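Structure first, commentary second.
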Amino acid sequence: SLLNNSADFKPYISKDEQRAQGDVHAMLENDDWSSLFLLENGVTNDANVELCPAISSATIDGLPLCRIGQRTPSVLLSLLRPGAHIPPHTGMLNCRHICHMPLIIPDGCGFRVGSETVEWKEGELLAFDDTVQHEAWNRGSENRLVLIFDIWVPEITQVERQQIAALFEAVDTY
């Protein structure tokens, strides 16, 4: 039902008046790659959580989400329209894994991390370090939908998690 009401999905990359932004990959305000955030940079979107109570409960309440001040966690549904391509890019925090849970994967969809192209399988979780270059595409004729969330790298202890969060909170207040 969410896909039938795509008005709730917003472009993944949106304008931010608080910082300079380029549009190197033509993805700024491009709804070919859209998202429905349940949790964005640590802030809950109550209206979207109400639309997806089971997903919200399983992720927000049930997982070791990476919590770093105003940066993480994020829990979202990522919609990639037919013909769309998310160009190669990298994330900035290697203390977390980005998790992709493929929900709707039509033929023609693909995903690459580093030098490895991954075959999407509906219901099979993919966790990776997003500081490694990655990209996705939908060469099919139907929408692709993936649940995305970020968790702590398991090897990082609770004390280290607190220290990392404190470091970034200090940087963000500077």
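In what follows, every heavy atom counts, from backbone to side chain, and hydrogens, waters and symmetry copies are set aside. Only a predicted model underlies this, so the values are computations on that prediction, with no experimental measurement involved.
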How close do [X] and [Y] get, counting heavy atoms only, and between which atoms?
X: N138; Y: L80; answer: ND2-O, 2.9 Å
X: W137; Y: G108; answer: CD1-O, 3.6 Å
X: I105; Y: C109; answer: CG2-CB, 4.0 Å

* **Steps toward side chain to side chain contact (heavy atoms under 4.5 Å, CB included) verdict (V153, I156)** => CA-CA 6 Å; V153 170; I156 298 176; 4.0 Å; yes
* Asked: Would you find more than 12 non-hydrogen atoms of other residues, nucleotides or ligands less than 6.0 Å from E122 atom CD?
  ->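 It does: E122 CD has more than 12 such atoms within range.
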* What do you reckon, is CG of D61 surrounded by more than 12 foreign heavy atoms closer than 6.0 Å? ->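 Yes, CG of D61 has more than 12 neighbouring heavy atoms, counting only those of other groups under 6.0 Å.
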Ignoring hydrogens and angles, tell me if any N or O in the side chain of [X] forms a donor-acceptor pair with the backbone of [Y] under 3.5 Å.
X: R112; Y: V118; result: no
X: S35; Y: S78; result: no
X: H134; Y: V132; result: yes
X: N41; Y: T72; result: no
X: S57; Y: A54; result: no
X: E50; Y: A47; result: no
X: D150; Y: H97; result: no

* May I have the step-by-step check of side chain to side chain contact (heavy atoms under 4.5 Å, CB included) for I68 and I164, ending in yes or no? => CA-CA 8 Å; I68 303 176; I164 291 167; 3.9 Å; yes
* Value rounded to 0.5 Å, distance of CG in L51 from CG in D46 ->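 Here the rounded value is 11.0 Å.
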* Asked: How many angstroms lie between CG in L36 and NZ in K10, if you round to the nearest 0.5 Å?
  ->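 Here the rounded value is 8.5 Å.
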* Might you work through the side chain to side chain contact (heavy atoms under 4.5 Å, CB included) test for R96 and D130, ending with a clear yes or no? => CA-CA 8 Å; R96 65 184 179 163; D130 82 330; 3.3 Å; yes
* Asked: Within 45° of the ring axis of W120 and under 6.0 Å from its six-membered ring centre, is that where the NZ or CZ of R144 lies?
  ->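 Judged by the rule (NZ or CZ under 6.0 Å from the ring centre, within 45° of its axis), R144 counts as positioned above W120.
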* **Pair L79-R81, side chain to side chain contact (heavy atoms under 4.5 Å, CB included): steps then yes or no** => CA-CA 6 Å; L79 175 67; R81 298 187 193 287; 3.6 Å; yes
* Asked: Do F111 and F128 have their ring centres less than 6.0 Å from each other?
  ->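 They qualify: ring centres under 6.0 Å apart.
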* To do: Assess the side chains of D129 and T131: does a donor N or O sit below 3.5 Å from an acceptor N or O?
  =>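 Checked: D129/T131 side chains pair up, N/O donor to acceptor below 3.5 Å.
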* Under 3.5 Å side-chain donor-acceptor pair for Q133 and H89 ->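 Absent: no donor and acceptor within the cut-off.
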* Salt bridge check: are D172 and R71 linked by an N-O gap of less than 4.0 Å? ->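 Yes, D172 and R71 are salt-bridged.
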* To do: For the residue pair L39 and N45, establish whether any side-chain heavy-atom pair is separated by less than 4.5 Å.
  =>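 Not in contact.
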